[in-house]
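We name chains A, B, ... by the order of the sequence lines, and we start the count at 1 in each one.
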Number of protein chains: 2
Amino acid sequence: MPESAPSDSIDIGDRLRTARTLRRLSQRELARRAGVTNGMISQIEQNHSSPSISSLKRILDAVPMSMAEFFADDFTEQNAVFFRKEDLREINPANLLSKTDADAKPFSFRQVGDARNHTLQMLHERYAPGADTGPEMYSHNSEEAGIVIEGTIEVTVGDRTETLHPGDAYLFDSRIPHRFRNTGDCVCVIVSACSPPSF
Amino acid sequence: MPESAPSDSIDIGDRLRTARTLRRLSQRELARRAGVTNGMISQIEQNHSSPSISSLKRILDAVPMSMAEFFADDFTEQNAVFFRKEDLREINPANLLSKTDADAKPFSFRQVGDARNHTLQMLHERYAPGADTGPEMYSHNSEEAGIVIEGTIEVTVGDRTETLHPGDAYLFDSRIPHRFRNTGDCVCVIVSACSPPSF
DNA sequence: TAGGCGTGTTTAATATTTCAATCAACCCTG
DNA sequence: CAGGGTTGATTGAAATATTAAACACGCCTA
């Protein structure tokens, strides 16, 4: 009757409990959906029994969560729901090596969570006055959208150009060449989303 | 006594057998390393029993393979060792949308396998005459190296510039700005490696 | 405070996995 | 062809997972 998982083994119990509580399911509710007993869920979560693959599969299907997700190394991070401002990760490659603060750079793209684990990528973007992404050669096969929060930005998509102000928004197929230019004299902030992720 | 895995379930048996034979292990050898019986391996591979997590973990540790790898969706591809020329995937974003053959483009980067699953990325690169990556803004935190196979290429790393000929090679920290230009009049082919992967 | 409803946990019975041993087939080599 | 090596598959006994039901606790309301 193992009480806690040995160090070289995965703590199945903890993982299952985390997965379950993240979805705000009770043991009974999850058990009902999975077609197993609540007692079994309890035993597994306490590492009092090591479920068979078929059992774990049925349970995870009810969460729902894939086996691959369940056993992924960065389990908790991958399932995070809330992110503090300072936890948004800068993904503009040009900013990564520099010691100077990203705020001093022409643009900064801060990503919510880790897009590699999701089909939706959300960015907090910041364009300094004069910043210009240039004609975008990188045309990922996605859709992207955004809303201007602060400042103004000139957006070019295909042959159409508009200057957007706070509250304005855009939505287009990423395959169309696109370009962002801050033609104003103050910082522009945008919240954008892209699906599937482009980085 | 289930004979074959139902469609909504994972074929554990097949996966384990694939993992085992990929490493050229016999059921008995794997069993010995894992500290289980060969009969058990046999039963699992035939889907005559659904192993407990702890058992599967012990077995996979002996392969060795992580649970996450085992349950990854692209199981066989991820463990591929040999790749035919035509299976190298183009990763130059500018080439992906175009219907015209990548060979007509200024550059083509063909990746061996899927770098996302590895810490080493190898590319078969092709530069048309006049092709120029431009001053590389993307400075990933990696090391990269390459050998020129065919043609000539002018490589700039930091403040040093050299023109390399077949057989010549380079090795540098990717954080240093770098640029590749084909100043010759014929195609240049390079085999390069990068670790960790940059795309 | 009693009663109902919600948790998660425990327990004895049952179903399944796992072990140890055996079986059957194949490939060598003498 | 016999003998010893390998391989993977099978079988009844032992160990373990899973079930169904009871248990214990907290929370609300009458």
Side-chain angles (χ1 to χ4, degrees), chain A residues 1-65 67 70-71 76 79, chain B residues 1-6 8-65 67 70-71 75-76 79:
Chain A
M1 190 209 278
E3 282 298 336
S4 67
S7 57
D8 67 328
S9 164
I10 308 167
D11 191 340
I12 297 296
D14 245 36
R15 294 205 163 201
L16 179 57
R17 178 155 297 180
T18 304
R20 176 175 64 81
T21 52
L22 237 39
R23 309 296 165 101
R24 305 187 194 291
L25 295 171
S26 69
Q27 290 182 348
R28 283 183 154 82
E29 174 60 17
L30 178 57
R32 192 188 59 72
R33 296 191 189 185
V36 300
T37 60
N38 64 302
M40 177 178 162
I41 307 273
S42 177
Q43 301 267 29
I44 294 170
E45 289 189 352
Q46 297 169 93
N47 289 313
H48 286 175
S49 80
S50 177
S52 70
I53 295 294
S54 53
S55 300
L56 184 61
K57 179 68 165 59
R58 274 204 290 173
I59 294 167
L60 290 183
D61 283 346
V63 169
M65 172 178 286
M67 296 289 272
F70 185 78
F71 288 106
T76 53
N79 292 292
Chain B
M1 188 210 279
E3 281 297 337
S4 68
D8 68 327
S9 166
I10 308 167
D11 191 340
I12 297 296
D14 247 34
R15 292 205 165 203
L16 180 56
R17 178 155 297 177
T18 304
R20 177 176 63 81
T21 54
L22 235 41
R23 309 296 164 102
R24 305 189 194 291
L25 296 171
S26 69
Q27 289 182 348
R28 282 183 153 84
E29 175 59 16
L30 177 57
R32 192 187 59 72
R33 297 190 188 185
V36 300
T37 59
N38 63 303
M40 177 178 163
I41 307 273
S42 177
Q43 302 265 27
I44 294 170
E45 288 189 353
Q46 297 169 91
N47 289 313
H48 285 175
S49 81
S50 177
S52 70
I53 295 293
S54 54
S55 299
L56 184 62
K57 179 68 165 59
R58 273 204 291 173
I59 294 167
L60 290 183
D61 282 347
V63 168
M65 173 179 286
M67 296 289 272
F70 186 78
F71 288 107
F75 182 72
T76 53
N79 292 293

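- Under the side chain to side chain donor-acceptor pair (under 3.5 Å) criterion, B/R17 pairs with B/E45, sequence neighbours left out.
- Under the side-chain contact (heavy atoms from CB on, under 4.5 Å) criterion, A/R32 pairs with A/E29, sequence neighbours left out.
- The side chain to side chain donor-acceptor pair (under 3.5 Å) check on B/Q43 picks up nothing, with sequence neighbours excluded.
- Contacts of B/Q43 with the nucleic acid, taken as non-hydrogen atoms under 4.0 Å apart, include base atoms.
- Rounding to whole angstrom units, CD1 of residue A/I44 and P of C/dG8 are separated by 14 Å.
- Rounded to an integer number of Å, the gap from CD1 of A/I59 to P of D/dA17 is 13 Å.
- Taking the side-chain contact (heavy atoms from CB on, under 4.5 Å) definition, one finds that B/T37 meets it with B/M40, sequence neighbours left out.
- Taking side-chain N and O atoms only, B/S55 has a distance below 4.0 Å to OP1 or OP2 of C/dT18.
- One atom, CG of A/N47, and another, P of C/dT9, lie 12 Å apart when rounded to the nearest Å.
- Note: B/T21 OG1 to B/Q27 CD = 10.5 Å, rounded to the nearest 0.5 Å.
- Counting to the nearest Å, the C1' atom of C/dG8 and the CD atom of A/E45 are 9 Å from each other.
- Interface residues of residues 28-42 of chain B facing DNA chain C, ordered by number: B/R28, B/V36, B/T37, B/M40; criterion, heavy-atom separation under 4.0 Å.
- Among D/dT18, C/dT10, C/dT17, the nucleotide with an atom closest to any side-chain atom of B/S49 is C/dT17.
- Here the side chains of B/F71 and A/L60 are not in contact, with every heavy-atom distance at 4.5 Å or above.
- For A/S26, counting side-chain heavy atoms from C-beta on, the closest listed nucleotide (D/dT11, D/dG8, C/dT7) is C/dT7.
- Among the nucleotides C/dT10, D/dT10, D/dG8, the one closest to the side chain of B/R20 is D/dG8.
- Here the nucleotide nearest the side chain of A/S50, chosen from D/dG8, D/dT18, D/dA17, is D/dA17.
- Residue B/R17 has its side chain nearest to D/dG8 when only D/dG8, C/dT10, C/dT18 are considered.
- Rounded to whole Å, the distance from CG on B/L56 to P on C/dT17 is 13 Å.
- Rounded to whole Å, atom P of C/dT17 lies 13 Å from atom CD1 of B/I53.
- Contacts of A/S55 classified as side chain to side chain donor-acceptor pair (under 3.5 Å), with partners at least two apart in sequence or in another chain: A/S52.
- With the nearest nucleotide of DNA chain D identified for both B/Q27 and A/S52, B/Q27 has the one nearer the 5' end.
- Separating the CG atom of A/L25 from the C1' atom of C/dG6 is a distance of 15 Å, rounded to the nearest angstrom.
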